[in-house]
Amino acid sequence: MNTATRLGAYGAGLALVFGGAFVAADAGVPQSTVSNWTNEAKGHDMDSTTGGHGGHDASTPAQTSAAVPGVTSAHGGYLLMPVAAPAEADRAGDLSFRILDADGQALTSFATSHERLLHLIVVRTDGTEFRHVHPTMDADGTWSLPWQWSEAGTYRIYADFVPDTDETRETITLTRTVEVAGQFTPATPEATNTATVDGYTVDLTGQVTAGSSSELTFTVSKDGKPVTNLEPYLGAFGHLVALRDGDLAFLHVHPEGDEPTQGDTAGPDVGFVAELPTAGRYLLYLDFQVDGKVHSAPFVVDTTATATDEAGHADSTHANNETPADPKPDTDADPGAESGDGHGH
């Protein structure tokens with residue numbers, strides 16, 4: 001199938017929506033489950049580590065009360081245990097963790113979602129050092145992969161998975177914070193709709209309105225020429241992760257519609273429909289694959305208008321970024337990227 005045609009049809013179906021099913025851990029987890037988790041934590045020997053820019057506050061009460069995923073370690077009867085990882089930058093080691101179920105037992109049954117049993121997203125709280133990797137699970141339910149931090153700082157770890165249960169399968173996103181010792185200077189995210197990564201330039205066009213669907217198109221080029229050989233990766237031509245600046249609420253979605261098959265290519269455009277819950281600033285990370293290598297392009301977008309505002313004051317909506325800013329410099333490749341089973345920026 002002609003890839004440009006496929007992409008056009010395919011991209012139109014991409015949806016990016018902040019989940020509304022999230023509930024706070026204390027509200028969604030029975031006390032007996034919390035007790036099980038507490039007892040398990042006491043007996044578990046993993047090392048424990050814990051842990052913006054303000055946009056315009058123009059959201060409606062309904063939007064600000066909407067639940068979003070990826071802001072706590074517990075949800076839906078599942079708990080992300082403390083994450084063990086090297087304590088300082090430039091020290092090689094492993095990153096590992098377990099996920100407990102409502103009985104306090106390690107979860108070992110996961111459904112395949114986008115070609116993997118679990119997606120792990122790691123990002124420093126200033127929005128830099130983004131990685132999307134895929135650890136492996138041991139028989140006892142411990143997930144791990146070789147790990148080395150390139151920079152000190154406070155990091156958010158997101159485990160994104162679908163439990164393989166008889167009940168309705170729901171995507172769960174749990175998060176923990178890890179502190180990495182050492183001096184560092186936090187970055188300040190600056191709005192940008194152009195990113196350069198590994199020699200590729202990615203331009204983002206589209207306007208973002210809080211509380212309604214917004215079309216976003218990412219155009220990939222290299223050396224001034226459009227890239228038309230984007231390859232399927234994890235069942236899609238592009239993945240988009242969005243973090244809300246301020247609380248780093250998590251959005252990890254994949255295209256809807258028919259998945260591309262092996263050998264299909266597409267480009268240079270990858271389209272999404274974004275529905276961001278509140279006004280303000282968002283950190284976006286587009287993953288795409290060319291010649292078997294995955295690249296991650298970072299963006300920072302702003303939105304101030306809400307759907308309600310737009311209805312009454314159409315001119316109040318402004319594009320994510322009218323003036324491109326310098327993209328952040330590339331960072332060193334992470335271990336997962338080198339293995340071909342993950343990528344970072």
Side-chain angles (χ1 to χ4, degrees), residues 11 14-18 52-56 70 121-132 156 158 186-210 213-222 226-227 230 233 236-255 267-290 294-305 317-331 337 343-345:
L14 308 187
L16 186 156
V17 182
F18 253 104
H53 176 91
H56 302 279
I121 304 296
V122 180
V123 65
R124 202 164 69 176
T125 53
D126 61 0
T128 64
E129 307 299 325
F130 174 86
R131 304 187 197 180
H132 177 177
R156 286 282 290 273
Y158 301 89
T188 302
E190 299 293 341
T192 178
N193 56 8
T194 297
T196 301
V197 53
D198 303 329
Y200 294 90
T201 298
V202 185
D203 293 305
L204 167 61
T205 56
Q207 295 184 337
V208 178
T209 301
S213 297
S214 304
E215 294 184 359
L216 299 178
T217 300
F218 297 86
T219 303
V220 184
S221 62
K222 188 173 186 179
V227 173
L230 300 178
Y233 176 65
F237 284 118
H239 284 195
L240 188 63
V241 170
L243 303 178
R244 183 169 59 184
D245 190 42
D247 63 0
L248 297 182
F250 177 85
L251 170 62
H252 182 199
V253 297
H254 302 266
D269 294 338
V270 181
F272 294 83
V273 176
E275 188 170 320
L276 304 180
T278 56
R281 174 159 288 185
Y282 291 85
L283 314 175
L284 307 182
Y285 306 88
L286 173 70
D287 299 330
F288 63 94
Q289 177 172 300
V290 180
V294 179
H295 311 275
S296 295
F299 301 85
V300 180
V301 300
D302 289 331
T303 177
T304 59
T317 302
H318 67 248
N320 39 340
N321 307 296
E322 296 294 337
T323 303
D326 292 336
K328 296 181 183 304
D330 296 342
T331 58
H343 45 281
H345 183 87

A.B. asks: Heavy atoms, side chains only, cut-off 4.5 Å: are Ser296 and His239 in contact?
C.D. replies: no

A.B. asks: Check whether the side chains of Asp269 and Thr217 place a donor and an acceptor atom closer than 3.5 Å, and report yes or no.
C.D. replies: no

A.B. asks: Can you see which heavy atom on Thr278 is nearest to which on Ala210, and at what distance?
C.D. replies: C-CB, 3.4 Å

A.B. asks: Can you sort out the partners of Ser221 under side chain to side chain contact (heavy atoms under 4.5 Å, CB included), two or more places apart, ordered by chain and number?
C.D. replies: Thr201

A.B. asks: Measuring only between side-chain heavy atoms, which start at C-beta, is Leu216 closer than 4.5 Å to Val273?
C.D. replies: no

A.B. asks: State which residues pass ring pair (Phe, Tyr, Trp, His ring centres under 6.0 Å) with Phe218; sequence neighbours excluded, sorted by chain then number.
C.D. replies: Phe272, Phe299

A.B. asks: Under the side-chain contact (heavy atoms from CB on, under 4.5 Å) rule, what do Val301 and Asn193 come out as? Steps first, then yes or no, please.
C.D. replies: CA-CA 7 Å; Val301 300; Asn193 56 8; 5.9 Å; no

A.B. asks: Kindly determine whether Leu248 and Thr125 satisfy side-chain contact (heavy atoms from CB on, under 4.5 Å), including the steps that lead there.
C.D. replies: CA-CA 8 Å; Leu248 297 182; Thr125 53; 4.0 Å; yes

A.B. asks: Output all residues satisfying salt bridge (charged side-chain N to carboxylate O under 4.0 Å, His left out) with Arg156, sequence neighbours left out; order by chain, then residue number.
C.D. replies: none

A.B. asks: Measure across Gly199 and Lys222 and return the closest heavy-atom pair with its distance rounded to 0.1 Å.
C.D. replies: O-CG, 3.4 Å

A.B. asks: Side chains of Asp287 and His132: donor-acceptor distance under 3.5 Å anywhere?
C.D. replies: yes

A.B. asks: Identify the heavy atoms of Pro298 and Thr192 that sit nearest to each other, and give their distance.
C.D. replies: O-CG2, 4.5 Å

A.B. asks: So, Arg281 side chain and Pro189 main chain: donor-acceptor pair closer than 3.5 Å or not?
C.D. replies: yes

A.B. asks: Would you check if the side chain of Tyr285 reaches a backbone N or O of Gly127 as a donor-acceptor pair within less than 3.5 Å?
C.D. replies: yes

A.B. asks: Quick one: does Phe250's side chain get under 4.5 Å of Val241's, heavy atoms only?
C.D. replies: yes

A.B. asks: Under 30°, 30 to 60°, or over 60°: which ring-plane class applies to Tyr200 and Phe288, parallel, tilted or perpendicular?
C.D. replies: perpendicular

A.B. asks: Check the pair Leu284 / Leu204 against side-chain contact (heavy atoms from CB on, under 4.5 Å), numbers first and verdict last.
C.D. replies: CA-CA 10 Å; Leu284 307 182; Leu204 167 61; 4.3 Å; yes

A.B. asks: Would you mind reporting whether Tyr158 and Val123 have side-chain heavy atoms less than 4.5 Å apart?
C.D. replies: yes

A.B. asks: Can you confirm whether the side chains of Asp203 and Thr194 place a donor and an acceptor under 3.5 Å from each other?
C.D. replies: yes

A.B. asks: Restricting to side chain to side chain donor-acceptor pair (under 3.5 Å), what partner residues turn up for Ser214, sequence neighbours left out?
C.D. replies: none

A.B. asks: Locate the shortest heavy-atom distance separating Ala297 from Val197; write the atom from each residue and the value.
C.D. replies: CB-CG1, 4.1 Å

A.B. asks: Output all residues satisfying side chain to side chain contact (heavy atoms under 4.5 Å, CB included) with Pro226, sequence neighbours left out; order by chain, then residue number.
C.D. replies: Pro268

A.B. asks: For the pair Val122 and Phe130, evaluate side-chain contact (heavy atoms from CB on, under 4.5 Å) and give the outcome as yes or no after the intermediate values.
C.D. replies: CA-CA 6 Å; Val122 180; Phe130 174 86; over 6 Å; no

A.B. asks: With rounding to the nearest 0.5 angstrom, report the CD to OG1 distance, Glu215 to Thr209.
C.D. replies: 11.5 Å

